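These notes are about the structure you will find just below.
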Amino acid sequence: LELWGRVNPLPRVQVLATMPYHFLESRSGEVSTRSSGPGDATLLATYALVNNVRCGNWRHQWQIGGGVKIPTGHFRSGYTDEPGLQRGTGSWDWLGSTIYTLRFRQIGLNADATWRYMGKSPSYYHYGNRFTSGVRLFYWKEWKNGPTLLPNAGLLYETAGKDVHLAGYSQGGMFAY
């Protein structure tokens with residue numbers, strides 16, 4: 001679950017903020033471990049290099065940006081047996097992002113890529129750097145003087161460097177979904 005918001009303080013600038021809420025569970029045999037609560041907040045600012053350029057019924061936009069992931073989620077220092085059950089990372093992380101959107105009337109295609117440089121946690125657990133990219137098909141439904149709804153479906157790819165702890169523990173990998 002994720003709460004997010006977006007504001008446009010200037011015509012070509014967007015500021016996005018997200019706050020996830022995690023429901024995590026790990027099972028090993030008959031033992032089940034659960035953790036739930038808010039995760040790490042993210043702030044991202046983007047600048048539109050191409051800002052809603054119109055070509056007939058077509059529109060396109062290209063944004064680049066950067067941001068920070070703030071360690072607001074609970075992180076238990078020294079708790080490395082189940083790093084996937086941590087709601088936060090305990091580290092400040094730096095983000096780079098690019099987003100391209102192509103739209104024909106109400107139907108559009110969005111492609112994005114994000115690079116995350118992970119900092120070290122207070123217990124020197126260092127999550128591996130991440131690269132995430134995706135492509136989504138969406139429908140733009142706008143109500144008069146009201147909200148805009150953007151239902152979408154797409155594919156996502158993520159790769160991560162190795163997580164490393166002082167004790168030498170490491171993991172990492174690649175996901176597509």
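All values below were derived from every heavy atom in this structure, side-chain atoms included, with hydrogens, water molecules and symmetry-related copies excluded. The structure presented is a predicted model; accordingly, all values stated were derived computationally and were not measured.
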Query raised in the report: Does any non-hydrogen side-chain atom of Gln61 lie less than 4.5 Å from one of Val53?
Result: no
Query raised in the report: So, Thr72 side chain and Ala41 main chain: donor-acceptor pair closer than 3.5 Å or not?
Result: yes
**Report entry** From Asn129 atom CG to Asp163 atom CG, the distance as rounded to the nearest 0.5 Å
**Finding:** 10.0 Å
Report task. Pick out which of Ile70, Thr18, Leu95, Leu16 makes a side chain to side chain contact (heavy atoms under 4.5 Å, CB included) with Leu43. Result -> Ile70
Report summary line: With sequence neighbours left out, the residues meeting ring-ring contact (aromatic ring centres under 6.0 Å, His included) with Tyr117 are none
Query raised in the report: In terms of ring plane angle, is the pair Phe138 and Trp140 parallel, tilted or perpendicular, where the classes change at 30° and 60°?
Result: tilted
**Report entry** Heavy-atom closest contact (His22 atom, Gly39 atom, distance)
**Finding:** CD2-CA, 3.6 Å
Query - Connected via hydrophobic side-chain network under 4.5 Å: Leu102 and Ile99 - result: no
Requested in this report: Could you tell me which non-hydrogen atom of Ser121 sits nearest to which non-hydrogen atom of Thr89, and how far apart they are?
Outcome: CB-O, 3.3 Å
Query raised in the report: Is the closest side-chain donor-acceptor distance between Trp62 and Thr98 under 3.5 Å?
Result: yes
Query raised in the report: How about Leu149: does its CG atom have over 12 heavy atoms from other parts shown lying under 6.0 Å from it?
Result: yes
Query raised in the report: For the atom pair NZ (Lys141) and CG (Leu150), what is the distance rounded to the nearest 0.5 Å?
Result: 12.0 Å
Query raised in the report: With Trp58, which residues qualify under ring-ring contact (aromatic ring centres under 6.0 Å, His included), at least two apart?
Result: Phe104
Query - Pairwise side-chain contact, Met19 with Tyr21, heavy-atom cut-off 4.5 Å (strictly under) - result: no
Report task. Give a yes or no on whether Val68 and Tyr127 share a hydrophobic cluster (residues Ile, Leu, Val, Met, Phe, Trp, Tyr; joining criterion: side-chain heavy atoms under 4.5 Å apart). Result -> no
Query raised in the report: So which pairs with a foot in residues 91-102 pass salt bridge (Lys or Arg N to Asp or Glu O under 4.0 Å), sequence neighbours left out?
Result: Lys69-Asp93
Query raised in the report: Got a second to check how far Thr46's OG1 is from Arg6's CZ, nearest 0.5 Å?
Result: 8.5 Å
Report summary line: Pro71 and Gly90 have their tightest heavy-atom pair at CB-C, 3.8 Å
Report task. Could you tell me whether the side chain of Pro9 reaches within less than 4.5 Å of the side chain of Val15, counting heavy atoms only? Result -> yes
Report task. Give every residue pair that meets the salt bridge (Lys or Arg N to Asp or Glu O under 4.0 Å) criterion with at least one member in residues 7-22, sequence neighbours excluded. Result -> none
Report summary line: Sorted by chain and number, sequence neighbours left out, ring-ring contact (aromatic ring centres under 6.0 Å, His included) with Trp115 holds for Phe131
**Report entry** Selection residues 99-113 - residue pairs positive for side chain to side chain donor-acceptor pair (under 3.5 Å), sequence neighbours left out
**Finding:** His60-Tyr100, Thr101-Asn110, Asp112-Arg136
Report summary line: Rounded to the nearest 0.5 angstrom, the CG-CD distance for Leu44 and Gln63 is 9.0 Å
Query raised in the report: Are Leu10 and Val50 in one and the same hydrophobic cluster, where Ile, Leu, Val, Met, Phe, Trp and Tyr link if side-chain heavy atoms are under 4.5 Å apart?
Result: yes
